[in-house]
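What follows is one structure encoded as structure tokens, with my remarks underneath.
For the numbers below, each heavy atom of this structure counts, side chains included, while hydrogens, waters and symmetry mates do not. In this text the structure is predicted, and so the values were computed from the model without any measurement. Both counts, for ligands and for their atoms, begin at 1 and track the order of listing.
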Amino acid sequence: MCCSRLVLSFCFILFHAVALTFAQDPYFCFETGNYTSNSTYKANLNTLLASMSSNTEIDYGFYNFSAGEGSEKANAIALCRGDISTEECRSCVNKSSHDLLHYCPNQKEAIIWFTTCMVRYSNKLIFGVMEDSPLSAYYNTKNVSDVEGFNKVLKPLLDRLRIRAASGSSTRKFAVGSAAAPDFETIHALLMCTPDLDELECSNCLRKAAEYIPKCCDGKQGGRYIAPSCDLRYEVYSFYDPAAETTSSEGKERHSSKTAVIIAVPTVVPVLLIICIYTFYLRVRKPREKDERKSEIVDEMSNAESLQIKFSMIKVATENFSTANKLGEGGFGVVYKGRFSNGQEIAVKRLSSGSGQGDLEFMNEVQLVVRLQHRNLVKLLGFCLKGSERLLVYEFVPNASLDHFIFDPIKRAQILNWDRRYKIIEGIARGLLYLHEDSRFRIIHRDLKASNILLDADMNPKISDFGTARLLDQTQGNTKKIIGTYGYMAPEYAMRGYFSVKSDVFSFGVLVLEIISGQKNSSFAEGENVEGLLSFAWKNWREGTVSNLVDPTLSSSSTAEIMKCIHIGLLCVQENVAKRPTIASVVLMLSSYSLTLSVPTKPAFLMYSSTRPDISSQSQNSLEVTESDPLVLALSQP
Ligand SMILES: *[C@@H]1O[C@H](CO)[C@@H](O)[C@H](O)[C@H]1NC(C)=O
Ligand SMILES: *[C@@H]1O[C@H](CO)[C@@H](O)[C@H](O)[C@H]1NC(C)=O
Ligand SMILES: *[C@@H]1O[C@H](CO)[C@@H](O)[C@H](O)[C@H]1NC(C)=O
Ligand SMILES: *[C@@H]1O[C@H](CO)[C@@H](O)[C@H](O)[C@H]1NC(C)=O
Ligand SMILES: *[C@@H]1O[C@H](CO)[C@@H](O)[C@H](O)[C@H]1NC(C)=O
């Protein structure tokens, strides 16, 4: 069944060159033979796949196993990306094997590619045999502005990495690297082969994949080219563990994202190349910041052990945590500005004690948060653990936080024109998307608000304070201790302590409406309206007077975009959690001009504004609230 569907879509593509989107990882069911459900082959295959996913001895991410004898023998290969951990590899192999059996329920030969691993099986001998077909291609739909300049950087980068990957060992043929491209972009690329190939075979497979780029997807910002024996991908953002760039040791990263599109393919026809597609989320254009802030300190950090920074050094940097250096204070602790002796400016967060977490767990969490790197996130440089002190050291972001601009009538009129505001909204959405879906772990921020959005010298937004909930060991979806801020908390979280990515989406929606109106949700009052910004926005939306919401200093030439953002904001703050979009859809909505958005339903109103919400009566317990700082709610377990 699935074969015929694939063949159909293949033809479709062949003749119409149209990109298809499936919300699935790419796979192919080959028509080289079927098995029946009671066959020995089927039993062998099950044993084989189970033995791969449960194998705990292999730590290099490549499995070449077989089971059974003679014509009933099943052979399988699984290959993980060289930057993910053994554990992630195993779970990816397990998941992809299950999916593959499901998609190809009776074909003896099949293959599937996830973002971080590939699984393939056959009744034929597949070990040590180079197979470069079917070759499929996916591309990032975004165009590069300077195609020639981009290709001038891309080609040598791919050549260099191909040679490096091909010359790898019999357990690992993997290379990643990056190079600076025009427009301040950096191209990141990842190339790998199944390591059972010899050097020449690997190189040939990757060469063939690379040769396909101009035929398929010239001028695109990214693409992935996959064949049974090799995999090549490049993007203008970092999509692999940067630690894999410098070391050849194991790193980690990413979930297997639903890449969306795929394409099709025949089998049997070794000569045919196929292509198409579309996909990947539309993400960050310029990835990591330039390396200017790479000081000795940061260099040292690339080594996980040296993430630890001496207490004495931090003490000196912050002038013994002097009040003059205090940048702010929140539910997580106090933040100080500091400067290392080499001149590097830092922000130090001194966590309030009281987390039940052990030192080792804390260090593990830091190592995780340190790996979260995205241009819309403030970078964590290191930490310090001394006695009961737990300190986090971040890069210092020069401009103040968004609240200093957006809620200031003069600054918002002078500095935050609509283009800047739109860029800020987009940047926040991308940073959040990275936290929710693209980082190695799903990170729920839980305290997204204007004062947690820092602005760099170019007014690009950087989300701060992410991962702090993890660092305080509050990783469950239902928590006794609520950390969040008055005005931004989703009702299910404020009232029941239940948090999810959708509670972050809610806070994002509030932020969007604040950015558009220049008004603070928690202190919004308009005439008789004491229900706050959300209710005001909703009322005007329903009455067709939504322009009442828009900051009068914004130029009317951007009305369409502003209206789209109000629409998105209202979708995000809907009371019905399931109806709120994911941040991935938000990013898509922001980057597309032709999507039809769904109609928002009623938002959640928590009685914000002039009166304090009486949440305590709903949560049966004490509650400390400060207006602008994170609010710490102590809930007793229901
Ligand atoms: C294998 O099974 C599929 C249906 O699952 C069918 O379309 C195909 O013709 C079969 N192939 C052979 C060689 O029997
Ligand atoms: C498997 O079942 C089919 C009928 O479904 C039967 O014809 C065949 O002989 C069985 N094969 C084995 C190996 O038991
Ligand atoms: C593989 O995944 C299945 C569910 O998809 C799970 O039940 C099973 O425990 C996993 N096996 C291993 C070895 O992780
Ligand atoms: C990229 O360029 C092609 C034509 O070269 C155009 O059809 C397409 O719409 C552009 N895509 C984007 C996302 O701008
Ligand atoms: C499996 O792969 C390893 C490492 O590449 C290799 O040494 C071994 O010979 C392979 N086994 C088979 C059966 O091909």
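- Ring centers of Tyr138 and Trp113: at least 6.0 Å apart, outside the cut-off.
- Judged purely by atom type and a 3.5 angstrom limit, Ser97 uses its side chain to pair as donor or acceptor with the backbone of Val93.
- Listed here is the closest heavy atom pair of Phe65 and Ser51: CD2-OG, 3.5 Å.
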May I have every N or O pair linking ligand 5 to the protein at under 3.5 Å, one per line with atom names and distance?
residue	atom	partner	partner atom	Å
ligand 5	2 (O)	Asn64	OD1	3.4
ligand 5	2 (O)	Asn64	ND2	2.2
ligand 5	5 (O)	Ser170	O	2.4
ligand 5	11 (N)	Asn64	ND2	2.9

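- In terms of N/O distances under 3.5 Å, ligand 3 is not approached by Ser54.
- Taking the centre and axis of the six-membered ring of Tyr41, the NZ or CZ atom of Lys108 falls inside the cone set by 45° and 6.0 Å.
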Do Cys193 and Cys202 pass the disulfide (SG to SG under 2.5 Å) test, and can you show the C-alpha distance, the side-chain angles, and the key distance before you say yes or no? CA-CA 6 Å; Cys193 295; Cys202 173; 2.0 Å; yes
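- Below 3.5 Å of separation, one finds no N or O of Lys220 facing any N or O of ligand 4.
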Determine, step by step, whether Asn460 and Asn376 satisfy the side-chain hydrogen bond (donor to acceptor under 3.5 Å, both in side chains) criterion, reporting the C-alpha distance in whole Å, the side-chain angles of both residues, the deciding distance to 0.1 Å, and the verdict. CA-CA 7 Å; Asn460 290 311; Asn376 297 114; 5.8 Å; no
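- Counting the atoms of ligand 3 from 1 in the order shown, those under 4.0 Å from a heavy atom of Asn94 are 1 (C), 2 (O), 3 (C), 8 (C), 10 (C), 11 (N), 12 (C), 14 (O).
- In the vicinity of Ser53, heavy-atom distances shorter than 4.0 Å reach the ligand 3 atoms 13 (C).
- The two residues Ser66 and Asn75 make their nearest non-hydrogen contact at CB-OD1, 3.1 Å.
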If you apply the rule disulfide (SG to SG under 2.5 Å), what do you find for Cys117 with Cys89, and how did you get there? CA-CA 7 Å; Cys117 74; Cys89 174; over 6 Å; no
